[in-house]
Each structure stands twice: as structure tokens, then as C-alpha cells.
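What follows is one structure encoded as C-alpha cells, with my remarks underneath.
Order of the sequence lines fixes the chain letters, A, B, ..., with proteins taken first and strands second; residue numbering starts at 1 for each chain.
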Amino acid sequence: MINGIAQGLTAYFVWPGLLVSALLGWLFLWLSRKLVARMQRRFGPPFYQPFFDFVKLLGKRSLVPAGMSPLLYYGLPLAAVISITLVLAVLPLPGGVRASFTGDLILVLYLMEMPAFCDVLAGFASRSIYGQVGASREAALILGYSLPFIASVSALAIQAGSFRLEDVLAQPFSAVHVLAGLAFVLAVPARLKSNPFSIPNAEQEIVAGPHVEYNGPALALFELAHALEFVAVASLFALLFVPRLPSAGLTLLAYLGAALLLVVLTSLLAAATARLQIHRAFRFYWTWGALAAAACVVVAVIF
Amino acid sequence: MPYRIPIGPYHPALEEPYKLNIQSKGEIVEDVSVEVGFVHRAIELLAQRRNYVQDLVLVERVCGICSNIHTLTFSMAAEQIASIRVPDRARYIRTIMAELERLHSHLLWAGVGSEDIGFQTMFMEIYALREKVMDVLEIISGNRVNYSMNCIGGVNRDITDPDTVLAAVREIRAGIEKTIIPIFTANRTILARTRGVGVLSREDAVAYGVVGPIARASGLAIDVRQDFSYAAYEELGFKIVTQDTCDVMARVVVRALEMLESCRLIEKALLELPGGPLRPSELVTVIPAGEAVARVEAPRGEVVYYLKSDGSDTPVRVKIRTPSDLNIPSVRAMARGQALGDMAIIQASVDPCCSCTDR
Amino acid sequence: MGIWNLIRKNFLGSARTRQPQDLVPLPGDYRADLRHETSLCTTCQTCAYVCSPGAITFDRSLPGRVAWQYQMLGCTFCGRCVDNCPTGALSFGKDPQLLAHAVEQTRHEIITSACPRCGAEMIALPEVVLEKQYGSPLPADIAELNRLCPRCRKKSTSEAIKRGFTGT
Amino acid sequence: MGIFSSILKRSRRRSPWVYVLNAGSCNGCDIEIGAVLSPRYDLEQIGALRQGSPKHADILLITGPLTLRSAEAVRSIYAQIPEPKAVVAVGSCPATGNVFAGSPTVEGGVLNAVPVDVFVPGCPPRPQAILAGVQEAARLLAEGKTGRKQEAPHD
């Protein structure tokens, strides 16, 4: 019992939870910024940058915006961080806990939406018009990217006949994985709010979107949640679509490779595109995203 | 859900403070009102209190982007009153400076426009190219932005090394032809943000009285360089650029082709640069009593100066009318029925210059 | 060139960035770092007349000296003062000051001398300037006259003319 | 000094986020700040980012001579930046008013609205001078030496 709790706590706070994922997330964020900088032929930020940004924000004095309850102001980013860390703790990554239970995949999907929901709530609660417009855009975008995202994960579940991660992972690699993987990748840029789907936090239009009123430690938590989300999306991608290798070390390397591939792809896309307006982004997901979603679900049902 | 969204006066999409009050329904813009005057520095009043040498420095700071044009127009007005004939070499150098300034202003605009549609890579690429123009300007004048090249009767500095300038201009031209134009006309995300967006019909363009690239993008062939030629444009043979699709894309194309025309003018002027003096030997000229109006095509359109002198060393009246004065209100006609997310690029496509407008 | 091509080329090329300490080379006639040579200044005030922001001022309140005052943080670096300085006392150096922590003035004092004849305060023209006009070395009579104040100079010249007429 | 505060000091120095405010400038300084973002000078290399909201910023870059209509905005935006914060005055205008000093619609320098930590001289300054100004302000932030009230220049 004590052992179990200790194991759970380690999974939550150290690996694959908060500590390692935060470091990994900062590394990914830096890599993404650096890659984009390289594609623009400039130096870009030094590699400790996201960490220093986080610490600096933690060390700033906070101003709770007028008309917003402090509970909401601090609670929302905290909820975002807690839920996304929980996702990481539950994922059966090598070295993590194997506490698999029926429906844990649904829990993961649900918790992964939490940071975005917290963003939307923060935007609406901020009483700033920019925050509200940003929040409504983000809400619309969630509706868009959820279609291929949830469909791709569900296709695997349908194929396995269970929403239990262990069962899903036990399936042999097949055509469903390829199609579902494509649908998953399609959803990634919008999930991470990178170009061309950076519309909810479009600086040139609505200042900083839902985070406009946030500052200091609360903003730091949102930034942390974003870094963790990066890791969670990459881990889920690696877990679901990279075949497991015989040794844990090799598997971990393969996972890392897949995650880096995802980082490179999103950075490349971000560098090569302009920001799309919300209706175009929405249309994109409800045509191409829907197509990919339908394809992988149909294939999963047939096979 | 109807919104009232203010953009500005201090907002990241705006280079300068001015305020757009947007009335929108959901993400569709219903109406826009524009508020200016945040950078009013009473330059016209100050100009009436200072002598002509000081005024040239002062009007240069009406606008940091088209600074040279303001001193040029002021000098032209003063020269008209004093009937000074500008030496040939000075006229050519003035043309070169004016066109270099147009290059840097249009590149700046293209960069800001790309940033407004969230295309950072293009912003970086354009700004990297723009640095080459800034280098040329700095080599010629000794300063990157406010060149202080013009004086009444001629220019202050010579172009001592035309070959360096020529090489740089050719490099800039290659950059515009090979990188900027192809990407702006072919990238699908850019087309999605610019084609059919912010249409200003020919009738509206006439009604609002817009000038410069915006008028030319709405099919109006007006350009001071062609209609009332000054400096050395007549000898160099200026060709006007117009488009008639009237949208943001048309404004992009007009400015891009204008940049190529500028490169051609600069190259020709450098090759045909006549010899001779740069300015009359007297540095501080006396302006006799009289009045004059001078007009010049700035990067954003027509600049008009009215100057009245009573024969003393300070002008009695300096009136400045800048192109953005006429162009900014046309945002209203462009914005109705557009998506809220497009407001940034629509207002940027006008290339609003508030320090010009407010003075 | 399409965007992908551009990105590929950029990625393979080296960065264009300069580090903060690696300054872009200054152009030949860079306008910053105004230098004032006190020994050449005759306090004629031309620089103050052409200075639009009023960054250059003269302080004549103290006896025996005139102060040339310059506020770098009020300067437009337009170069009018350097162009118009009749004695070449003003010039641009090559050492731009990047930062400042306070608004302060540079103050150079030019000591006036007393006219040996009437005792009025005066500043003699620098010899370099005179040599441009009269050749080097300066003729003795010119050098002698230059030591006097403008009024006494006039007087002295008219006296000399008078002497020429009357032969005394 | 604890380990956190020493890391905090380093991160304040390495992560200065800037907010640019035009208090009535002629644009000259603003376009040079734009140039600082360009690949040649690359503001990101020193860890700085340009922020759209003053609430996310550490350093306020002010250009322009403080016109009457912008004075209130400058004060309120300065107040919105959470502590610790620094102010960099870019160009001659925010220091003394420059050519606009004496105009009835200009207050002549931002010193009577906010405390300025670093002045970057020039009209406009070269981009690298602005970069140096941001670095210097970040250094002052790390050392906690910002916000000293200065005397406005007397005419």
C-alpha cells in the first residue's frame, strides 16, 4: 500500500510526471523556437530560455485583474497543470506505473482537453474583450481539432474492442495505425496552437488571447501547462503509433524519436505558413480532419 | 453576439497609436470608426517659430518612415519662392534618395503586413532584405533613418561611391524578384488572407479621395511623379503601376511592382548621374516674401506643402497635408462585412502613418 | 522560389545574426558623437542658431568665460552645426555612445581674454582659421590686430589709415 | 542568498520581455525597434520577446516625446506592468522632447510620467544600441536597481 502510494507519487511528480516532463517540455519548446529561428536564418533563443522564462514569471509580483476572483485567477492555470500532469502519470511509458484500468483512455482524452478548457474559461473570466474573443476562437478551434484527434484514438480503441490502454497497445501494428496516426498528426498543430492555427492567441489581432489579463506566477503556470501539453501530445503519439521494441531503453529512444519528429513537423509547418482565420481553420478540420477521421474509423470497423 | 472591440490606441498590430472602434457581430465586422490624434505634436506651429534651417530638421521628423520626402517638399516650396534652380546632380541625388526611401518604406510595409497575418518567416526575410536598403541609406547619408540630405537649393551630401549603391540595389532587386513576389503570389495561406479581402471599389476610392498605392490598387492611375513631374523623373522616364482587383492582394502587387520600378529608377539615375555642384555656395539662404505650394509623391501617396514667407528667417505659415490623412478613413469602406481576424491586415494594407496624419 | 525552398536554403545557410557586441561597421561620415574643440570656438553662436531642438546653448552669465553647452540626449544628430561651423570647432567623432543613465549636459568653457587696449571681454580668432585666410605664418600686423577686440580693431585700423594720410 | 533567488536573478537577466509604447514618436525609433526583431539583430538571441500585453512584459520601451494624449496611457501602461520592471527610453525624444520640446501639445520627455532607467541616445538610435539598452535594463532588473526617480531636465 505504502509502496503503491510512493510509486504513484513518483509517477506524478518525477517520471513520467511533473519534473521530467517539464524539463522535456521546455526542451521541446526551445527546440521548436530554435528550429523556426534556424529556418529564418537567425540565432534564436539560447537553450535554457523556456526555463528562465518560467522562473522569471514565477518571481514577478502578481496583479489579480479587477473583477476576477483570485480563486479563479490562480485556480484555472493550476487545474490545467494538475490535469495535464495526471495524463502523463497515467500513460504507461517505460519506467512509469502500469495502473491500467478499463476506460483509462477516455480519462486521458478527457484530461487532455482540460488545459484548453481552462484557457477558454480564463479568457471568458478575464473581462477583457480580447480575452473573450480569444476564448470564443479557442472554443471553436477545440470543436475543430477534436474531430480527427478523438477519432484517431477511438479508431484504435474500436480495433482493440476496448478503451483500456493496455489492450489498445497490445494490438499489432496495422493499416489502422497509419491512418489514425495521420489523423492524429493533423490535429497536433491546432492542439499546440502553433501556426497556421495560432488564431486563439494571435498577437496582432487580439493581443494575447485568453491569457491577456494573466501575469506573473499564474501566467507561468499556463506556460508550464503548455510545455507539459507538448510532452503529453508527443507521448501519446509515440505510445499509440510507435511499435514497442523488445527492450525498455530502445522503446524509450524510439518514443523520443517520434516526439522529436512531431516537434520538427510542427515547427516546419509553423515557419511555412501564415495564420489562418478561424472560419478557414474550422473548415479545414471539418473537411480534411473529418475525412481522415472517417477513414480511420471505417478502416478500424472493417478490419 | 454583437461586440464592440477597440483596436488600439496601443496595440501590437499597430505600428503607431490610433484607434479603430470595431462594431462586430460574432466574427463579422459591421462598422468601424477611426480615431486619430494621439501623436499630435503641433509641428506646423513649431515650424512657424523656427528658422528655415531648423525647420528642415523639424519637418524631417513629421514622419520617420518618409522623412526625406518631407524635407524634399519643404525645400521645393522654399526654392519656388526664392526662384532657386537646383543643380542637376542634386536633382538626381534627390530622386535616388526618394526612391530608396520608397523601397525601404514598402519593404517595411510588406514586413508589417506579413507579421499581421502571422507569417513570421516572411517578416524575417523581408526585414533581412530591408537591412540592405538601410545599409545603402546609411552609407550615403551617415544615418539609417533621418538622412538630412536635402537643403534649400540642393542636397547636403554627395553620393561618392555609386558602384556600391548600384551593386546593393541590384541585390535588392533580385531579392524582391526571386523571393518576395513569388511567395506573396503563390503561398496558399497568404492568398487565403489577402485575395478578396478589404475591397475598396473604384467608386469608393474616388469618394474617399485616397491617394498613392491604395488609389492605384483600385484602378486609379494617379501619381505625382507622372502628373506633375519633379526632381529627375521626367528624364528617367517613370512608369505608373496600377491594378484593378481592389483588394489587399492588389495593394501588395502594386507595392511590389513599384519597388521594382524604384530599383530601375535608382539604377538609371546612378548610371546617368550628372556632374556639377550639389547646392548653392551660400548655406543659409534668404527666402524672400511670397508663397508656394509643392507636391511630391511619398511612398504612401501625395504630400502637399504650403509655405508662406514674409522675407524674414522664419516662415509665416507652413501647412502640411500628408497622404495618410486621406487614406486612413477609407479603412471604413474596406472593413464592412469582413472577418474580424482580417482587420489587422486590412488596416495595415492602407499603410496608415499616424505621425504623418497627426503631425 | 517557393516557401519550402526558402526554408530549406535558410536552414542550410548560416545565421545572419550579429551578436550584440559585434557592431555593424560605421559608415564613413557617421553622425553621432559630436566633438567640440574649445580652442577653435569663437562663440559665434551659429551652431545654436541652426540647432532645431536647442541641444546646443551658450551660457554667458559668468564673467570671463562663455560656456558652450550640449545636451546629447536632446540632439537629433542632423549635422547642421558641423556643416555650418565657420571655424571647424565642431566635428563628428567615431565613437558613438550607446547608452546613458541620466539626462546630462556637456559643458565646455571658453575663457575670454581682455582686450589689451580697452579691457573689453573678447575671444580672438584661432590662428588656424586666420592662417586659412592670410597664409602661414601669419603676417605680424594681422596677428597683432587679432589680439584686439572688434571695436579696438576698427579703431586701430582707422588710426593706421589716418596715420597714412597725415604721415605722422 | 538562496539558490532560488540566485536562479531568479539569472533568469531576470536572461529573459527580458519587452513592451513597446509609442508616446508620440515620429516612427523613426519604432521602425528601428522593428529592425531589432529582424534576423540581423535578432532580439530573441538575448532571450527577449516582444509582448503584446504590458502585463506580460518586464521592460517598457518608450519612444516619442510624450504628447498630451499619450501621457495618461503611458502612466497607466507603466502601472500595468507587474513588478519588477524597467523603462528604456529609446531616442532623444523621451529624454528631452528633442525637436518637439516647446510644443504646446507635448510634455517634453517622459521623465515627468515614469522613472527611466536607461536612455538610448540617437535620433533614432542604431538597432544595436537599442539591443544594448534592453540588455542593460535586464542587468538592472537582475540587480534590483530599477525605478530610480530622475530629475527632469530644466530648460
Side chains of [X] and [Y]: is there a donor and an acceptor less than 3.5 Å apart?
{"X": "A/Y74", "Y": "A/S62", "result": "yes"}
{"X": "B/R251", "Y": "B/S349", "result": "yes"}
{"X": "A/Y48", "Y": "A/D53", "result": "no"}

*For the residue pair A/Y285 and A/Y145, categorise the inter-ring angle as parallel (less than 30°), tilted (30 to 60°) or perpendicular (more than 60°).*
perpendicular
*Apply side-chain contact (heavy atoms from CB on, under 4.5 Å) to A/F284 and list each qualifying residue two or more places apart in sequence or on a separate chain.*
A/L186, A/F197, A/W288
_Proximity breakdown for B/A339 and chain A, heavy-atom pairs closer than 4.5 Å_ = side chain
*Polar side-chain atom of B/D116 near backbone of B/I345 as donor-acceptor pair, under 3.5 Å*: no
_chain B neighbours within residues 28-43 of chain A, where any heavy atom lies under 4.5 Å away_ = A/V36, A/M39, A/Q40, A/R42
